[in-house]
Each structure stands twice: as C-alpha cells, then as structure tokens.
Amino acid sequence: MRKLLIASAACALLLAGSAPVVGAQTTTTTTGATTTTPTAATTTTQTSTTPTTTTPPAEEASTTTSGSDWVLIAIEGLVVVGFIALGVRTGGIGLGLWGGVGTLVLVFLFGLDPGEPPFDAMLIIVAVIAAAAAMQAAGGVDYMVLMASKALRARPKSINFVAPYVSYLLCILTGTSNTFYSIIPVINEVSYANKIRPERPLAGSTVASAMGITSSPVAAAMATILPLVEVYHYNLVDVLLITIPASIVGIFLMSLVMSRHGRDLEDDVEYQRRVEAGEVVQPPAAEDIVIQPYAKRSVAIFLGAVLVICLFGLFEGIRPTVASEDGGFEPLAVTPIIQMVMLTAAALIVLFAKVKAAAIPRMSIFTSGMVAMIALFGIAWMADTFIANNEDAIVGALGDLASKWPFMIAVAIFLVAALTTSQSAATRTMVPLGLALGIGAGYMIAMWTAVMGVLFLPANGTQIAAAEADTTGTTTLGKRVIDHSFQLPLQVAWVSTALVGIGVAALLH
Amino acid sequence: MNARRWGIIALIAVGVVVLAGVVAATGNGRDNSGERVSPSRWADDSCGSVGAWEGQLEAIRDELSRDNYGARRNDGGSGDIVEARLTIRVAVDRAILATTDVLQEGLKRAGIPDVGKGEEASLTLRNWAQQTEHNLRVAKQVLKEKPPSTSQAFGALRAPVDALTLSVVQGRAAFSHVTGLDPALGDALDGSRNCRDLMKEQP
C-alpha cells in the first residue's frame, strides 16, 4: 500500500506541472455541432428549426474527455482509493485523518477544487449521538436492550431480519437514510447483548436504509424520478407498487444471507482478541441488567423524538415553511428537523431523566459517534473533491456504456451511484438515459433501485457510523476498500431487488 | 481467499449476469435509428423522449429553487450535498447533457415513421432538438462572458432561461407541424398515450 501511495504521489507530482487549471480537467475538442445533423433540409415552418446565425464557440460544440485526462482521473482515483485503504487500516479516527491528507493532495498536487464536506450527515451524527448518549447515561439503552432481549428470547437471531425492516421503514417515513443513525446504537447493543454477531443486523440495516429511498414518497430521489416517468403514465403509486414489493423481497433475501454470514460472535477471532485485550467487555446477561430510575423516561423521549421526525417526514403540511430561492415558500426539509428534534430530545432527557450533562460525553456511544463524524468528515470530503471535479466524465463514460449495451443500464446506475455517492445524481443522470434508450419505464423503475450502490465504497456516513458503533470489530470498513462488511448485503440486495422489481413491473404493466 | 468467499463472489457475478440477461430479454432498449417504424411506435417513442427531457428540465428547475439549507433535501448519501450547490451554469450544463443524451438520442432511436413524409417528420423533431442544444450552448457562452455593467450582468442570467423557454415552446410547435404533415401521423400522435399526456401539460 505504501508503494502504491508513493507511486501515486510521484505520478501526481509529475503530472501536477501539466495539470490544467483548477476544476478544468475536461478538455474540449471540436467536433462541430453538425455531427448528428440530419442531412435533409426541413421545411421551414413557424417553428423554424434552422440554426440561428449565432454560433456557439467551437470549443463548446462538443465536450469529450481525452486519453490523458482519463490517465489523470485514474491516478486521482488511485489516490482516493489509496488513502481510503490507508484510513481503514489505521482504523477509527485515522480514516478521517487520512481522508484529510487525501483532500490536501488532490487540491494542492492535482489542482482540483475542494469539494464539500458532508455537513448534513456530520451535524446529524452530532445531534443523534447527543440524544443517544444522553439516553445511555440515563440507563435507557440498557432498558431497551432488556426489552428487546425479552422480545427476542425465543428467536434472538430474528434481529437479523427485524432490524433491516425497521431501518427501511424509518427511511420510507422520513425520506432520508439519515434517520438510521438514531437506531444504530440500539441495533448494536441489542445484537451484542444477545450474542449475535453485530455485523449481521448492522450491515443489513445500513443497506436497507439506503433501499428505503426508492420506496419513500418523500425522498429527494423520488422527487427526481417522478417527472421523468410521468409521461409514461407512472405516478407515485405505480412507482411504489414496483419498488416496495421488490425491496421487501430483497431485504428478506439479504437478511437471510447475512444471518448465516461470518462466524458466530463467540468464535470470531477479532472479537476474541479484543476481549482478551480488554478493549471490549462481555455483555452482561439480561437478568443482570439493573434498570436505572429514569431509564424508561429517557427511552420514551428518544423514541418519541424518532416518531416526531417520522411524522414531519411523512406529512409535509405540518412542517414550517421556508423561503425558496425563487421567492416562494416550501416545507422545511427533514434534515434540519432531525437535527433540531434530536438536540431537543437530548435536552429533555437531561431535564426529565436527571442526567448530568457532564456525563454524556463519557458515554461509549458519544465516543464512537464522534470518531465516526471525524472519519466521515475526512473520507467524504476527499471523495467529494474527486467526484465533484470528475462527475461529468464519469457519468458520461457510464452513459456511453449504457447507450452501447442497454442491458447494462442497471449496472451503470449502480456504478454512477457508487462513484457519485448520491442517489439523486444517479437518478437524474441515468434514468432519463435509459428511457431515451427505449427501455420500458416500469423496468427502469425496477432498475432504479440500484441507486443503493452509494454504499459500494465505504465513504458514507451510515457505513462509517455503523462500523464505529460496533466495538466487537465484526463490522468493518475492510482492508482493500471494497471488502467491507456492507458489500455482501449490498450485492445480494441490489441484484435481487432489481430482478424482483422487473418481475413485478412485467406483471403489473 | 477461502472457497466460501469465492462462492459468494461467483454467486454475485452470476446474479449480475442474470440481471443483465433479464434486462436484455425484457426491455433491452429499442434502437430504430434510421429505420422505418410504424407511426404509432414512432409517436410513442418520440413523445416519451420529449417527456423525459422535459422531466429533467423540471428537476433542474426544482433543484435551483431548493438551493438553501432549510429547503434542500438530502437522501443520506454523502454525495447528495452536491445537489445543494446547483448554480445557473451547472444547470445549463445539465440541460445540455439532457438535450444531447436524452432528447437527441431518443429522437434518433425513435427512427422514421413509415408514412409519406416520415423523413421530414423525423427531421423536424431532430432539428428542433439540435437547435435546442445550439441555443443552450450559446447561452452558456453568454454566461461565461464578463458583462461590462451590472444590468447586463443580470440580463445575461436570462439567456439560458430564454433558451429553454423558447425550446419547449418550439418543441410543441414542431409537433403541431408534424401533425399536419400526414393524416396518418396526426392519428398516431393523437392515438399515442405518451403524446396525449405530453400535450396535456402546458409547454
């Protein structure tokens, strides 16, 4: 890995001298605007289609990415991958630190515009861990673990199935997988207390939360696809009729695979090492858990907050309105609502569950959450710097792939989502392309579920938070970038969901 | 790497291949470029492409109007932050991409309606699409120029909006022209659900 980094850096240094100005990697070549010009003349009508005398500049006529640009993009990609690998090997906060170094390299050596750090996700992590750590300080987490353990007593392994469906539902109700942060500590603690390998429900739930986007009537990606398929007579209900059944089956198959994945917790080598090293303590038996006086109250406040977020997510009418850029008004987005409600929940727990504010930062949930936030900061910033500067070239290349081989459209959607780490970006670029290629709208909707590919690289907040929450070490971000804990459930889920969706679309339409 | 892991990789690879196969079998696109097709199929495909293109423009407009913290939405993917910084120039880039990849490609693949003036009908729509791209590129160039005065600077912001407005209106007019070319085409456009839905909405 060191050799790879050194080689990348050396190439970077060599190429930096010839690197184009900031943010201008894509060179333009003139092919003329008449490349696809129909040869015959068109009868002039009131809609005159004759080109006007104003000529666009030649350099604007066509935009292509040259071979040397691709080499540069590939090297930048290697730098990103290299620093992610270095970060996951360092572990914990090291992920964020190396991500920061990677961002520096991309900006200073390659001359890229710095991208945007994932402010929304970071602030949500802060708000959620404040509430969850307050609940933990009040003994609420122990109480939830006890209750869940009683409920799961007969079949503790059912958490592998229940947790993903809960996270899927939360995402449907709020339109954002950011809500998943609130149940990560709970899933982790419950599975650990029941001696279930935490990786199984955590990784499955993370993927399920990303799947919820294509089943949510209030998600941004849904708002993006609807205008595209409306002309094909698909409304919101039609889309949901395809995506929801497909996702339900996909989650079941994924959970089934995950419930058998990896060694049982007690037999896991890394877990045994951590126990021996004293890095993690064995979970107490359910009957040994002592419930603190205000534990129930803290749980009620926390779950009440989650419920409030779901209500605000589902019913836009009850949200306050904010000014939009075009002068109108629109409902406040769910993201700031999550932050406000979770901070309020933390305050209420402090107030009514008699928690000392000073105790909250000492909680294990707080520590792992802060580590996750810093890790996400660096990694996602670096990834965004690479993506924001190369998105057009990457999307263009994958679009060409789909144009040549339309049967690869689902793979192209998956890869665009993976490389842009944005469901909405993958939707707006690839779905219309598929429709223009003549693929049926129903099938396109089924394959649109592949936008869950955002989890292909370990650069998303939910992945990092889940891995950090799992103190047993079973949920990992991998050592070779793509061999992380979320890869298996992701692959099973996206392929099975797309296949089932195609079947449903064929049946319904 | 142990046998179990290889098995999982093989299973996933088979899954992807099966998925590609199913897509190929069920809806592997339709490319009738340069071919003669029935007027009804041509009408359906052409109106579908125009509808998808207009949908993209609608989405661009929505994103432009959502560019503030309180109103913007985030799906949870860290890259969705990109959505929050849509500028007019990026919007024009996206509109150009939508025009070349969706509108022009879709109209090309729709083929030529198998009627007397089929070629002219196809060309009318494709020329309109090409003109749209041209207008957008001109507008993009206007945005790049440094205006000498504040009023002209604001005026320059109007160029892409005007280009898109004109293109959408001209698109409908192009369809009207096509309708008059041949009664069979008129019937096909009237009979196509895609076209009816497209025409139902104001341009």
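None of these values were measured; they are calculated from a predicted model. Order of the sequence lines sets the chain letters (A, B, ...), proteins ahead of strands, with each chain counted from 1.
- Summarising the geometry, atom CD belonging to A:E230 is positioned 9.0 Å from atom CG belonging to B:D197; distances are rounded to the nearest 0.5 Å.
- Only the backbone of B:C47 comes within contact range of chain A, with heavy atoms under 4.5 Å apart.
- The part of A:A410 that comes within reach of chain B is its side chain, from C-beta onward, which places non-hydrogen atoms under 4.5 angstrom from that chain.
- Interface remark: A:A221 contributes backbone and side-chain atoms alike to the contact with chain B (heavy atom separation under 4.5 Å).
- Annotation for B:L19 and A:W494: closest pair CD2-CZ3, 3.4 Å, computed over non-hydrogen atoms.
- Scanning all heavy atoms of the two residues, the minimum distance from A:P336 to B:G70 falls at CG-O, 4.2 Å.
- Of the two parts of A:I502, only the side chain, counted from C-beta on, holds a non-hydrogen atom closer than 4.5 Å to a non-hydrogen atom of chain B.
- Residue with the most contacts toward chain A among B:E58, B:K117, B:E105, B:R193: B:R193 (heavy-atom pairs, distance under 4.5 Å).
- Within the model, atoms CD of A:Q423 and CG of B:N74 stand 8.5 Å from one another, a figure rounded to the nearest 0.5 Å.
- Across every non-hydrogen atom of B:R109 and A:S403, the tightest pair is NH2-O, 2.9 Å.
- To the nearest 0.5 Å, atom CD of residue A:Q491 and atom CG of residue B:L11 are 11.0 Å apart.
- Heavy atoms of A:V411 lying under 4.5 Å from chain B belong exclusively to its side chain.
- The side-chain heavy atoms of B:Q56 and A:L228, taken from C-beta on, include a pair separated by under 4.5 Å.
- With a 4.5 angstrom heavy-atom cutoff, A:V218 touches chain B only via backbone atoms.
- Contacts with chain B were tallied for A:L499, A:V454, A:V495; A:L499 has the most, counting heavy-atom pairs under 4.5 Å.
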Step-by-step side-chain contact (heavy atoms from CB on, under 4.5 Å) determination, B:I12 to A:L488
CA-CA 9 Å; B:I12 290 166; A:L488 176 62; 4.1 Å; yes

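- In plain terms, the two heavy atoms of A:A220 and B:R73 that are nearest each other are CB-CB, 3.8 Å.
- In this structure, the portion of A:I213 lying under 4.5 Å from any heavy atom of chain B is its side chain and not its backbone.
- Between the CG atom of B:D101 and the CG atom of A:L437 there is a distance of 9.0 Å, given to the nearest 0.5 Å.
- Within the 4.5 angstrom heavy-atom criterion, only side-chain atoms of A:V322, from C-beta onward, approach chain B.
- A pairwise comparison of heavy atoms in A:V231 and B:N194 identifies O-OD1, 3.2 Å as the closest pair.
- Looking at A:Y232, its side chain does come within 3.5 Å of a backbone N or O of B:G48 through a donor-acceptor pair.
- Judged by distance alone, with hydrogens and angles left aside, the side-chain atoms of A:S177 form a donor-acceptor pair with the main-chain N or O of B:D75 at under 3.5 Å.
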Checking A:L435 against B:V102 for the side-chain contact (heavy atoms from CB on, under 4.5 Å) test, could you report, in this order, the C-alpha distance in whole Å, the side-chain angles of both residues, the deciding distance, and whether it holds?
CA-CA 8 Å; A:L435 293 170; B:V102 175; over 6 Å; no

